[in-house]
Peer 1: 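Following this message is one structure expressed as structure tokens.
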Amino acid sequence: MQAAGKLMKVFVTRRIPQEGMKILSAAGVCEVSLWDSDEPLPRSELLKGVQGVHGLLCMLSDKIDAEVLDAAGPNLKVISTLSVGFDHLAVDEIKQRGIRVGYTPNVLTDATAELTVALLLATARRLPEGVEEVKNGGWSSWKPLWLCGYGLSGSTVGIIGLGRIGLAIAKRLMPFGVKRLLYSGRTAKSQANEVNGEFVPMDTLVSMSDFIVVSCSLTPETQGLCDKTFFSKMKNTAVFVNSSRGAVVNQEDLYEALSSGQIAAAGLDVTTPEPLPANHPLLTLKNCVVLPHIGSATYSTRGTMSALAAQNLLAGVQGTAMPSELTL
Ligand code: NDP
Ligand code: DGY
């Protein structure tokens, strides 16, 4: 607990929406140091910034491992990440040291599901290609065979990871006239009833789906899940969409599948690395739409995430119940 008159030290690794900063300063219990930039801080600054802190508010691009925890030292009580994904946190190390973790589930589900649907439609209906053709003079006339893509009506959609976001994506896709909704994961989900979801083995999902949407968390089990074998089982007319984490996909294998016509198209909101270098081979392909990890990027969602991350941080440094604590 806070010693009388002594403020808890917290470090915030990036500029965050004002909602969170206001909560931190209004609480009056901590002294906040901020890496005052929109860009990630260098590793050396992270190691310096965490020294002696009681709380750390970090981003998904900050790798929080044993080195960072050692640099922070024994005061550290809480790590609050401005994300629902926590694959950047060395969870076992953190748990061993008795540090609590706050994260931001639910508040970003709608925004991320909405963006994923937008990405799916943009990819399947070739929107970036169409926009480009209008601008570069390639639009010569209405042509029966030009810029055709794939529609959702009557299709089979496969969702890998029917969690909070996966379910929200499914709910938004069903009204487009989707005929079958398949999903895979470790366990069948009772909430799948809400979308008539059928729990099927991964291979069945991959081979039967016209659209595959990846919305699982990144774990050792899902790392590299979408590889050469995976793509080889997909229909040649199928569209692949990933809004989970880039490392779920083997990008060399995806490039091969897209350029050889093994699959029709891919839409990625997440890549490895991030940012994806501007000269990356995937960016040369017309049938690959890449976005810069903007799933949760609405003003209100980011504001709410910021507030929640600040509340988690405060609860962690004060030893009270967090609004969203990750069970370690
Ligand atoms: P949830 O925990 O609700 O869902 C994760 C899902 O992943 C669960 O349904 C889980 O299924 C599934 N899963 C875990 N292991 C496997 C596996 N081996 N095979 C298939 N599925 C598996 O999390 P959210 O829905 O809230 O978020 C999901 C992920 O989305 C986050 O972890 C993050 O990486 C990403 N994300 C990306 C955003 C973006 O901007 N693009 C924004 C927000 C989140 P089961 O319960 O059966 O294990
Ligand atoms: C998350 O929260 O995990 C996203 O990737 C960014 O909102």
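Atoms within a ligand are numbered from 1 in the order they appear, just like the ligands themselves.
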Peer 1: Please tabulate protein-ligand N/O pairs under 3.5 Å for ligand 2, atom names and distances to 0.1 Å.
Peer 2:
from, atom 1, to, atom 2, distance (Å)
ligand 2, 2 (O), Val84, N, 2.7
ligand 2, 3 (O), Val84, N, 3.4
ligand 2, 3 (O), Gly85, N, 2.8
ligand 2, 3 (O), Arg245, NH2, 2.7
ligand 2, 5 (O), Arg245, NH1, 2.7
ligand 2, 5 (O), Arg245, NH2, 3.3
ligand 2, 5 (O), His293, NE2, 2.6
ligand 2, 7 (O), Ser296, OG, 2.7

Peer 1: Where the closest heavy atom to atom 29 (C) of ligand 1 is concerned, which of Cys216, Ser83, Ala113 has it?
Peer 2: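 The residue whose heavy atom sits nearest atom 29 (C) of ligand 1 is Cys216.
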
Peer 1: Would you tell me which option among Gly161, Pro105, Ser215 has the nearest heavy-atom contact to atom 28 (C) of ligand 1?
Peer 2: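 Looking at heavy atoms only, the winner is Ser215.
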
Peer 1: Any idea which atoms of ligand 1 are less than 4.0 Å away from a heavy-atom of Ser217?
Peer 2: 5 (C), 7 (O), 14 (C), 32 (O)

Peer 1: First locate atom CG of Leu46, then atom CE of Met59, and finally report the distance between them rounded to the nearest 0.5 Å.
Peer 2: 11.0 Å

Peer 1: Are Val84 and ligand 1 in contact, using a heavy-atom cut-off of under 4.0 Å?
Peer 2: yes

Peer 1: Checking a contact table here: which protein heavy atom is nearest atom 1 (P) of ligand 1, and how many Å away?
Peer 2: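 Of the protein heavy atoms, Arg164 NH2, 3.6 Å lies nearest.
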
Peer 1: Under a 4.0 angstrom heavy-atom cut-off, which atoms of ligand 1 come close to Thr222?
Peer 2: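 Checking each atom against Thr222, I get 15 (N), 16 (C), 17 (C), 18 (N), 19 (N).
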
Peer 1: Looking at non-hydrogen atoms alone, which of Leu115, Ile165, Ile160 comes nearest to atom 30 (O) of ligand 1?
Peer 2: Ile165

Peer 1: Does the side chain of Thr81 come under 3.5 Å of the side chain of Ser83 through a donor N or O and an acceptor N or O?
Peer 2: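 A pair is found: one side chain offers a donor N or O, the other an acceptor, under 3.5 Å apart.
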
Peer 1: Heavy atoms only: which of His293, Lys189, Arg245 lies closest to atom 34 (O) of ligand 1?
Peer 2: Arg245

Peer 1: So if I count the atoms of ligand 1 from 1 in the order they appear, which ones are less than 4.0 Å from some heavy atom of Ser243?
Peer 2: 35 (C), 36 (N), 37 (C), 38 (C), 39 (C), 41 (N)

Peer 1: Classify the contact between Glu221 and ligand 1 as side chain, backbone, both or neither, using a heavy-atom distance cut-off of under 4.0 Å.
Peer 2: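 For Glu221, the contact with ligand 1 is made by the side chain alone.
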
Peer 1: Could you list which atoms of ligand 1 come closer than 4.0 Å to a heavy atom of Ser296?
Peer 2: 40 (O)

Peer 1: Any idea which protein heavy atom is nearest atom 42 (C) of ligand 1, and the distance to it?
Peer 2: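 Checked against all protein heavy atoms, atom 42 (C) of ligand 1 sits closest to Thr112 OG1, 3.3 Å.
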
